[in-house]
Amino acid sequence: MTDVQSYSGPNRVFSGIQPTGNLHLGNYLGALKKFVDLQAAGWTGIYCVVDLHAITQPHDPALLPDQTRQIAAAMLACGLDPDQSTVFVQSAVPAHAELAWIFNCVARMGWLEKMTQFKDKGGENSERVSVGLFDYPVLQAADILAYRATHVPVGEDQQQHLELSRNIAARFNQQYDAPGFFPEPEALIEGPGARIMSLKDGSKKMSKSDPSDLSRINLVDDRDTIARKIKKAKTDLLGDLPETEDGLEGRPEVENLVGIYSAFSGQSVEAVLAEFGGAGFGTFKPALAELAISHLAPITERMRAYMADPAEIDRALQKGAEKAHAISAPVIKEVRDVIGFWKS
RNA sequence: ACGCCAGUAGCUCAAUUGGCAGAGCAGCGGAUUCCAAAUCCGCAGGUUGAGUGUUCGAGUCACUCCUGGCGUGCCA
């Protein structure tokens with residue numbers, strides 16, 4: 001147990017999405033849909049297009065503004081309400097960069113050196129990746145703590161970064177003798193269907209960087225494309241769907257497709273198998289395609305409508321930035337006091 | 001900062017004395033299959049890092065620049 005006074009502020013969720021490349025089904029089921037569910041459940045949510053993170057790796061300045069709007073459009077199209085939640089662009093709110101610098105002086109080199117994502121992305125080229133990429137998790141901590149967010153919906157791959165955020169929060173509180181100043185943010189556990197795999201390889205996560213476009217369903221795909229991709233999705237040699245969950249053992253591609261069906265329908269995997277167990281993919285795949293299309297089509301349509309009206313997106317983002325600033329500015333002010341910066 | 005080596009398709013690499021830029025893998029399409037996979041058949045993929053020069057002709061030779069790797073020095 002700890003005798004340190006714990007954080008006592010309100011619960012808040014923070015999450016961010018990088019404006020790089022196209023959004024796909026994995027992003028939707030793994031992130032966007034959960035944001036909307038959290039909103040519906042009454043959580044105060046702060047959702048951010050993290051363009052500061054996007055520039056840690058080479059990018060095209062000519063494309064970034066529209067990529068940023070596209071993520072925002074997706075957030076709004078999926079049902080995030082700009083009044084109920086806060087939807088904005090990271091670089092529009094100064095608190096992120098400012099707090100990140102301060103956290104740079106709280107975090108320790110050794111903490112960051114252990115980050116596996118950095119090792120993965122940098123790989124053997126670690127000499128020529130940007131310092132920003134190395135520092136990425138610190139900025140992430142700043143993102144979360146600038147709003148004193150208490151919960152972060154994350155996938156397994158982000159657990160390690162969240163751990164770092166907790167370490168930074170704890171160390172800041174202790175170093176500046178400010179018990180409970182920052183919360184130690186917790187992960188919100190993902191439900192089933194969180195991890196969407198490639199349609200061509202059940203052992204790989206669905207990814208925007210996969211060379212095959214058939215491996216993923218993009219949020220901008222039209223109905224025919226979605227149906228075609230599901231039809232061409234890899235299955236296996238066993239033929240039929242199993243009757244029970246145990247039967248999915250060792251069949252990652254089938255498990256993935258069933259998982260997607262389950263996520264869309266809201267049914268448990270068991271229930272899906274009760275319905276389709278013993279059936280061939282010739283019957284399951286069209287059903288899955290129909291289900292996916294019926295859920296995605298309205299979103300895609302709304303997204304297109306937003307993209308056709310960038311000014312509308314910009315208005316929402318402007319408002320979001322003001323809300324975000326209103327929350328974070330007082331936190332930053334307190335931080336400056338705690339640290340001992342000169343105040344104007 | 002200097003020296004050496006390298007840069008060719010998304011990736012790994014070929015291309016003889018200067019003589020039509022190619023292969024494997026990956027990708028896409030078709031056949032096949034309840035759907036896929038595998039297998040066959042086919043398609044596409046390029047400013048040869050950028051530029052200048054020599055030449056009838058440059059991936060190849062010369063020069064300049066860019067990028068990366070290795071080595072040495074400098075800051076100390």
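Quick note on labels: first sequence line is chain A, next is B, and so on, each numbered from 1.
- The separation of B:rA15 from B:rA31, taken at their C1' atoms, amounts to 35 Å, rounded to a whole angstrom.
- A cation-pi geometry, defined here as NZ or CZ lying under 6.0 Å from the six-membered ring centre and within 45° of its normal, does not hold between A:Arg171 and A:Phe182.
- Only the P atoms considered, B:rA76 is 36 Å distant from B:rA6, to the nearest whole Å.
- Pairing for B:rG3 goes to B:rC70, judged as Watson-Crick or G-U wobble with the two contacts each under 3.5 Å.
- B:rA36 atom P lies 11 Å from atom CZ of A:Arg228, rounded to whole Å.
- The same atom, C1', is picked in B:rA21 and in B:rA38; the two are 33 Å apart, to the nearest Å.
- Here B:rC63 sits opposite B:rG51 as a Watson-Crick or G-U wobble pair (both hydrogen-bonding atom distances under 3.5 Å).
- Rounded to whole Å, atom P of B:rG27 lies 9 Å from atom CG of A:Leu214.
- Taking the P atoms as reference points, B:rA9 lies 22 Å from B:rC5, given to the whole Å.
- Atom name C1', nucleotides B:rG51 and B:rG59: the rounded distance is 16 Å, in whole Å.
- Protein atom CG of A:Leu237 is 11 Å distant from nucleotide atom P of B:rA37, rounded to whole Å.
- Residue A:Ser212 has no polar side-chain atom (N or O) positioned under 4.0 Å from OP1 or OP2 of B:rA26.
- Using N1 to N3 plus N6-O4 or O6-N4 for Watson-Crick, or N1-O2 and O6-N3 for G-U wobble, each under 3.5 Å, B:rA15 pairs with nothing.
- A 3.5 Å limit on both hydrogen-bonding distances identifies no Watson-Crick or G-U partner for B:rU32.
- No contact: A:Ile230 has no heavy atom under 4.0 Å from any strand.
- Between B:rU55 and B:rA62, the distance separating the two P atoms is 16 Å to the nearest Å.
- Regarding A:Leu257, its CG atom lies at a distance of 10 Å from the C1' atom of B:rC35, rounded to whole Å.
- Base pairing of B:rG27 is made with B:rC43, judged by Watson-Crick or G-U wobble geometry with both donor-acceptor distances under 3.5 Å.
- Note: CG (A:Asp201) to P (B:rA36) measures 18 Å, nearest angstrom.
- In this entry the distance linking CG of A:Asp210 with P of B:rC28 reads 9 Å, nearest Å.
- When rounded to the nearest whole Å, the span between NZ of A:Lys231 and P of B:rU32 equals 11 Å.
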A:Glu322 and A:His325: CA distance, side-chain angles, deciding distance, side-chain hydrogen bond (donor to acceptor under 3.5 Å, both in side chains) verdict
CA-CA 5 Å; A:Glu322 284 161 17; A:His325 186 66; over 6 Å; no
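- Between the C1' atoms of B:rC40 and B:rC4, the separation comes to 49 Å (whole Å).
- The pair A:Glu312-A:Lys319 fails the salt-bridge criterion, with no side-chain N (NZ, NE, NH1 or NH2) lying under 4.0 Å from an Asp/Glu carboxylate O.
- Nucleic acid contact class of A:Lys234 (heavy atoms, under 4.0 Å, all strands): sugar-phosphate only.
- For the ring pair (Phe, Tyr, Trp, His ring centres under 6.0 Å) test with A:His96, the passing option among A:Trp101, A:Tyr147, A:Phe103 is A:Tyr147; the others fail.
- A:Asn173 places no side-chain N or O within donor-acceptor distance of the main-chain N or O of A:Ala170, the cut-off being under 3.5 Å.
- Heavy-atom nearest nucleotides on RNA chain B were determined for A:Leu199 and for A:Pro211, and the one closer to the 5' end corresponds to A:Pro211.
- For A:Thr283 and B:rC34, a side-chain-to-base donor-acceptor distance below 3.5 Å is absent, hydrogens and geometry of angles not being considered.
- Protein atom NZ of A:Lys232 is 12 Å distant from nucleotide atom C1' of B:rU33, rounded to whole Å.
- Of the C1' atoms belonging to B:rU32 and B:rC41, the separation is 11 Å, rounded to the nearest Å.
- Here A:Tyr47 and A:Phe14 keep their ring centres 6.0 angstrom or further from each other.
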